[in-house]
Amino acid sequence: MYTILTDSCSDLNPALVGKYEKLVVMQLTYTMSGEASTKPFSDGQTVRAYYDRLRAGESCTTSQIAPTEFYDEFKRLTAAGEQVLCIQFSSALSGTYNSACLARDMVLEENPEAVIEVVDSLGASAGEGLMVVDALDNRDAGMGLAENAAWLRERLQTYAHWFTVDDLHFLKRGGRCSPSAAFFGSMLSIKPVLHVNDKGQLIARAKVRGRRQALRALAEKFGELGAAPEQTIFISHGDCEQDAQFVKDELVRMYGCDPEKIVLSVIGPVIGSHAGPGTVALFFRGRDRG
């Protein structure tokens, strides 16, 4: 059995992480008030405290994982005889994927017998996490590393990422959103619907009047993209679980999705610093990304 390695931007539900062996989650760094941290959220109070700081206007900056960090981890794993399938945050949103590739090349130069595959998820948050879980399930069902990497790459464009935010200020400030997209958020009672496109970029796609309609628009994308209701679905949120639950309930009501296969998770501090509190995101596999 080979190791699957990902980064903290995958926003994996901790309960899911605990189900799998040989899963490594490397942490990106976030900095608030001059204090740098790589700590993920540990409980509901930590989540609320973090997002309350953002709501109060405190800024948060983030840093990608350095090539040296990947190099050390790849060396540790390969020295122990492990093969590594590495699935990383979209290269269009972070340099973390490129760091992993640089580190892989360094290790392979020293040890040509090492096996390290790096896959660009072209995804973010639990959309990346959904790919990781699919890869873990493939591996545990007996799929080899090379076949698993090819399976993921062949299906990259089926992983749909749709979300809405309460305030585009956070995305614009972090350079993850264009001024034209931010314009949507400047209009009274208008909420943007965004997605991650086939290049892994963040794109504003629509403007919807009212929060509830924006949330319902996420659920409607599931049907528009011909998604199978029996699949596993991820919904992540920025300290607004009730809104995430609303989207879940809509999926069950509208398409007969199995509520036991709809997994809710919190958006972690790295993605959360750019998306902001009140973000709700829906991730599933459709005929394409939309």
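All residue numbers refer to positions in the sequence shown, counting from 1.
Ionic pairing of Lys75 and Glu110 is present here: one or more N-O contacts between side-chain nitrogen and carboxylate oxygen are shorter than 4.0 angstrom. A salt bridge links Asp166 to Arg211: one of the charged nitrogens lies within less than 4.0 Å of a carboxylate oxygen. A salt bridge does not link Glu109 with Arg104: every distance from a Lys NZ or Arg NE/NH1/NH2 to an Asp or Glu carboxylate oxygen is 4.0 Å or more. Ionic pairing of Glu82 and Lys22 is present here: one or more N-O contacts between side-chain nitrogen and carboxylate oxygen are shorter than 4.0 angstrom. Residues Asp239 and Arg55 are paired through a salt bridge, judged by an N-O separation under 4.0 Å between the basic side chain and the carboxylate.
Of the inter-residue distances, the one linking Thr29 atom OG1 with Ile65 atom CD1 reads 8.0 Å to the nearest 0.5 angstrom. Taking CD of Glu230 as the start and OH of Tyr255 as the end, the distance is 14.5 Å to the nearest 0.5 Å. Remark: Arg285 CZ to Leu130 CG distance equals 8.0 Å, nearest 0.5 Å. Once rounded to the nearest 0.5 Å, the distance linking CG of Asp134 with CG of Asn148 reads 9.0 Å. Atoms CZ and CZ, on Phe283 and Phe222 in that order, are 14.0 Å from each other to the nearest 0.5 Å. Separation of atoms NZ (Lys199) and CD (Gln157) is listed at 10.5 Å; rounding is to 0.5 Å.
By the criterion of side-chain heavy atoms lying less than 4.5 angstrom apart, applied directly or through intervening Ile, Leu, Val, Met, Phe, Trp or Tyr residues, Val132 is grouped together with Met143 in one hydrophobic cluster. Clustering ILVMFWY residues whenever any of their side-chain heavy atoms sit less than 4.5 angstrom apart, transitively, puts Phe70 in the very cluster that holds Ile116. The hydrophobic cluster containing Tyr71 does not contain Val115, counting ILVMFWY residues as joined when their side-chain heavy atoms lie under 4.5 angstrom apart, directly or transitively. Met106 and Val24 fall within the same hydrophobic cluster, where Ile, Leu, Val, Met, Phe, Trp and Tyr residues are linked whenever their side-chain heavy atoms come under 4.5 Å apart, directly or through other members. Residues Leu16 and Ile87 are members of one and the same hydrophobic cluster, defined by side-chain heavy-atom contacts under 4.5 angstrom among Ile, Leu, Val, Met, Phe, Trp and Tyr.
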From CA spacing to verdict: side-chain contact (heavy atoms from CB on, under 4.5 Å), Asp140, Met1: CA-CA 8 Å; Asp140 292 354; Met1 181 186 291; 3.8 Å; yes

Worked verdict on Glu113 versus Leu108 for side-chain contact (heavy atoms from CB on, under 4.5 Å): CA-CA 7 Å; Glu113 300 302 314; Leu108 292 179; over 6 Å; no

Trace of the side-chain contact (heavy atoms from CB on, under 4.5 Å) decision for Glu69 with Met26: CA-CA 9 Å; Glu69 295 176 77; Met26 295 184 66; 4.0 Å; yes

Lys261/Ile233 under side-chain contact (heavy atoms from CB on, under 4.5 Å): CA gap, chis, key distance, verdict: CA-CA 6 Å; Lys261 291 188 174 182; Ile233 300 162; over 6 Å; no

Stepwise side chain to side chain donor-acceptor pair (under 3.5 Å) test for Thr3 and Gln83: CA-CA 6 Å; Thr3 294; Gln83 298 181 343; over 6 Å; no

Residue pair Glu58, Ser33: steps toward the side chain to side chain donor-acceptor pair (under 3.5 Å) verdict: CA-CA 8 Å; Glu58 194 168 347; Ser33 299; 2.3 Å; yes

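For the residue pair His274/Thr62, the side-chain donor-acceptor check at 3.5 Å is satisfied. Between the side chains of Tyr20 and Asp137, at least one donor N or O lies within less than 3.5 Å of an accepting N or O. For Asp11 and Ser125, the side-chain atoms include at least one donor-acceptor pair closer than 3.5 Å. Remark: the Glu128 side chain and the Ser90 side chain contain no N/O donor-acceptor pair separated by less than 3.5 Å.
Side-chain contact between Leu264 and Gln245: present, with at least one pair of heavy atoms (C-beta onward) separated by less than 4.5 Å. Within the 4.5 Å cutoff, side-chain heavy atoms of Leu5 are placed close to those of Glu73. Side chains of Thr61 and Tyr30 form no contact here, defined as non-hydrogen atoms less than 4.5 Å apart. Residues Phe74 and Cys86 are in side-chain contact: their nearest non-hydrogen atoms beyond the backbone lie under 4.5 Å apart. A heavy-atom distance below 4.5 Å is found between the side chains of Leu28 and Asp7. Residues Val196 and Gln201 form no side-chain contact, since every pair of their non-hydrogen atoms from C-beta on lies 4.5 Å or further apart. Residues Met131 and Ser121 are in side-chain contact: their nearest non-hydrogen atoms beyond the backbone lie under 4.5 Å apart. With contacts defined as side-chain heavy-atom distances shorter than 4.5 Å, the pair Gln64/Ser99 qualifies.
Geometrically, Arg289 does not engage Tyr159 in a cation-pi contact defined by less than 6.0 Å to the ring centre and at most 45° from the axis.
Leu251 and Ile262 make their closest contact through CB-CD1, 4.1 Å (heavy atoms, listed as atom of the first residue, atom of the second, distance). In terms of heavy atoms, Val193 sits closest to Ala214 at CG2-O, 4.4 Å. Considering all non-hydrogen atoms of both residues, Leu225 and Ala160 come closest at CD1-CB, 4.0 Å. The shortest non-hydrogen separation linking Ala219 to Glu250 is CB-CB, 3.8 Å. Closest non-hydrogen pair, Ser8 versus Gln27, comes out as CB-OE1, 3.2 Å. Between Leu218 and Val280 the shortest heavy-atom distance is CD1-O, 3.6 Å.
With hydrogens and angles disregarded, no donor-acceptor distance shorter than 3.5 Å links the side chain of Thr279 to the backbone of Gly238. Here the side chain of Asp243 pairs no donor or acceptor atom with the backbone of His237 at under 3.5 angstrom. In this structure a side-chain-to-backbone donor-acceptor pair under 3.5 Å is present from Asp120 to Ser91. Checking side-chain atoms of Thr158 against main-chain N and O of Arg155 turns up a donor-acceptor pair under 3.5 Å. Of the possible polar contacts, one joining the Arg139 side chain to the Tyr2 backbone as a donor-acceptor pair under 3.5 Å is found.
In this structure, Phe89 has its ring center no closer than 6.0 Å to that of Tyr97.
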